[in-house]
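Since the structure comes first, as structure tokens, the remarks are kept for the end.
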Amino acid sequence: MWTYFISFLLLRKFGLPRPIRYALVTFMVGLTIIVLIYTANLFLTIEQRTSVPHVHTHSAH
């Protein structure tokens with residue numbers, strides 16, 4: 001089971017050449033890291049995004 005899972009993650013089942021497989025795996029790992037950083041940033045700043053700002057705007061009329 002693990003052999004099949006790892007071969008699927010390394011894209012061996014698709015018959016791609018080795019450099020293309022490594023490039024795609026590197027791209028997917030990088031994309032996963034970027035998404036995790038963005039998600040962590042979103043959850044850490046969610047309070048600031050949803051709260052009312054402390055600066056009161058003045059009416060123009």
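What's counted below: heavy atoms across the whole structure, side chains too, no hydrogens, waters or symmetry copies.
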> Residues in side chain to side chain contact (heavy atoms under 4.5 Å, CB included) with I33, at least two apart?
Replying inline: V29, I37
> With sequence neighbours left out, what residues match T32 under side chain to side chain contact (heavy atoms under 4.5 Å, CB included)?
Replying inline: L36
> Does F27 sit in a hydrophobic cluster with other residues, and if so which ones, taking ILVMFWY side chains as linked at heavy-atom separations under 4.5 Å, directly or through other members?
Replying inline: L31
> Other hydrophobic cluster members with L44, side-chain heavy atoms of Ile/Leu/Val/Met/Phe/Trp/Tyr under 4.5 Å, chained?
Replying inline: none
> Can you name the residues that form a side chain to side chain contact (heavy atoms under 4.5 Å, CB included) with P19, not counting sequence neighbours?
Replying inline: P17
> Of all residues at least two apart in sequence or in a different chain, which pass the side chain to side chain contact (heavy atoms under 4.5 Å, CB included) check with T26?
Replying inline: none
